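As structure tokens, the structure follows; a few thoughts come after it.
This one's a predicted model, so the numbers in the text were calculated from it and none came from an experiment.
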Amino acid sequence: MAPEESAEAAPLLRSFERRFLAARALSSFPWQSLEEKLRDSSGSELLLDILQKTVKHPLCMKHPPSVKYAWSFLSELIRKHEAIHTEPLDELYEALAEILTAEEPIRCHRSYLLPSGDSVTLSESTAIISHGTTGLVTWNAALYLAEWATENPAGFANRTVLELGSGAGLTGLAICKMCQPRAYVFSDCHSHVLEQLQENVLLNGLSLEPNVAALAQHPGHDTADAESPRVMVARVDWDIVTVPQLAAFQPDIVIAAGRAGIPWEEVPRHDQKLFPYEEHSEMAILKLML
């Protein structure tokens, strides 16, 4: 691919990469833009680049997405190629053959690229509802909150953050990697969610503190000079938790990707720049009013 063509294709490749790694709905991919570029080019370099940015991406090779999702994506990519070019592209069919021989796991992986060049990879359930909870998958609200946090790192720097209803852990892991908090407490009330949270924290290279006492050690700990914040996963049931129980975490900030019966004030909206969530979702950042 010529240099000028590579520059023009870069935004398209980036869109495919981010959406595939995050396993977003196939209907959200820029298929029409791809078809237009395929018509303008007789070569297969663009499709090969897309293959390397998606199915063959190093993150996917190490932490694969759902087999069904990868199969559906490749099938659609092959259809787009066949509709325009008569010559088959062996690499696409070879990749599809590899996927057809794989078994579908109970859990899959989703990865989210960060501006720093780092990424957050999550192990998630392949079902929206699993073990009686929806907390084993990442929701748009978590993506929106994580994006807002990475745009406002000063609000979290060198502070202790308590997150209510952490789910799969995307928001907290993005904050830990981008915002330099002193300590971060992931919390939820469901046993399977807590188990998955612990796995995802470790999957992303962070260590877990065993209890609140360990988390509170060295309160003057300055993460500006540290590799990572102190992290723990705690069982917190918002319906029955007491003020002393919350105070034990000594949080400077309490965040949650959701609200219920609590007075809030809306914070000015920000532009979608980082994570591929639904563009027309009714979401906003809300500030607790006391």
Testing the 3.5 Å rule here: is there a donor-acceptor pair between the side chains of S187 and E163?
no
What orientation do F16 and W31 show, parallel under 30°, tilted 30 to 60°, or perpendicular over 60°?
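Correct class here is perpendicular.
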Below 4.0 angstrom, N of the basic side chain to O of the carboxylate: do R39 and E36 qualify?
no
Side-chain ion pair, K56 and E94, N-O less than 4.0 Å:
no
Check whether [X] and [Y] end up in the same hydrophobic cluster, where Ile, Leu, Val, Met, Phe, Trp and Tyr are linked by side-chain heavy atoms less than 4.5 Å apart.
X	Y	answer
V243	I253	no
F249	I240	no
F73	L100	yes
V120	L203	no

Between [X] and [Y], what is the shortest heavy-atom contact and its length?
X	Y	answer
L59	S111	CD1-CB, 3.9 Å
S33	L12	CB-CD1, 3.9 Å
P153	T150	CD-O, 3.5 Å
P65	A70	CG-CB, 4.4 Å
E104	V67	OE2-N, 3.0 Å
C60	T54	SG-O, 3.3 Å

Yes or no on side-chain contact (heavy atoms from CB on, under 4.5 Å) for I255 and I175, after CA distance, side-chain angles and deciding distance?
CA-CA 11 Å; I255 65 173; I175 290 174; 3.8 Å; yes
Residue list, ring-ring contact (aromatic ring centres under 6.0 Å, His included) with Y69, at least two apart or on another chain
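Y69: ring-ring contact (aromatic ring centres under 6.0 Å, His included) contacts with F20.
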Under the ring-ring contact (aromatic ring centres under 6.0 Å, His included) rule, collect the residues that match up with F156, sequence neighbours excluded.
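ring-ring contact (aromatic ring centres under 6.0 Å, His included) list for F156, sorted by chain: empty.
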Does any part of the side chain of [Y], heavy atoms only, come nearer than 4.5 Å to the side chain of [X], both counted from C-beta?
X	Y	value
S123	H63	no
I84	E35	yes
L21	T121	no
N200	F186	no
L34	I50	yes
D252	N158	no

Roughly how far, to the nearest 0.5 Å, is the [atom2] atom of [Y] from the [atom1] atom of [X]?
X	Y	atom1	atom2	value
S44	E87	OG	CD	10.0 Å
R182	T160	CZ	OG1	4.0 Å
L46	E8	CG	CD	11.0 Å
I78	L96	CD1	CG	4.5 Å
L246	L162	CG	CG	6.5 Å
K80	L38	NZ	CG	9.5 Å

If we ignore hydrogens and angles and just use 3.5 Å, is the side chain of [X] paired with the main-chain N or O of [Y] as donor and acceptor?
X	Y	value
S72	K68	yes
D118	L114	no
K177	S119	yes
T171	A142	yes
R24	F29	no

Starting from the C-alpha separation in whole Å, work towards a yes-or-no answer on side-chain contact (heavy atoms from CB on, under 4.5 Å) for Q245 and V236.
CA-CA 9 Å; Q245 288 173 331; V236 175; over 6 Å; no
Residue pair L173, L122: steps toward the side-chain contact (heavy atoms from CB on, under 4.5 Å) verdict
CA-CA 9 Å; L173 290 168; L122 303 175; 3.5 Å; yes
Let's go through I99 and V55 carefully: what are the C-alpha distance in whole Å and the side-chain angles of both, what is the deciding distance for side-chain contact (heavy atoms from CB on, under 4.5 Å) to 0.1 Å, and is it a yes or a no?
CA-CA 9 Å; I99 290 173; V55 178; 4.1 Å; yes
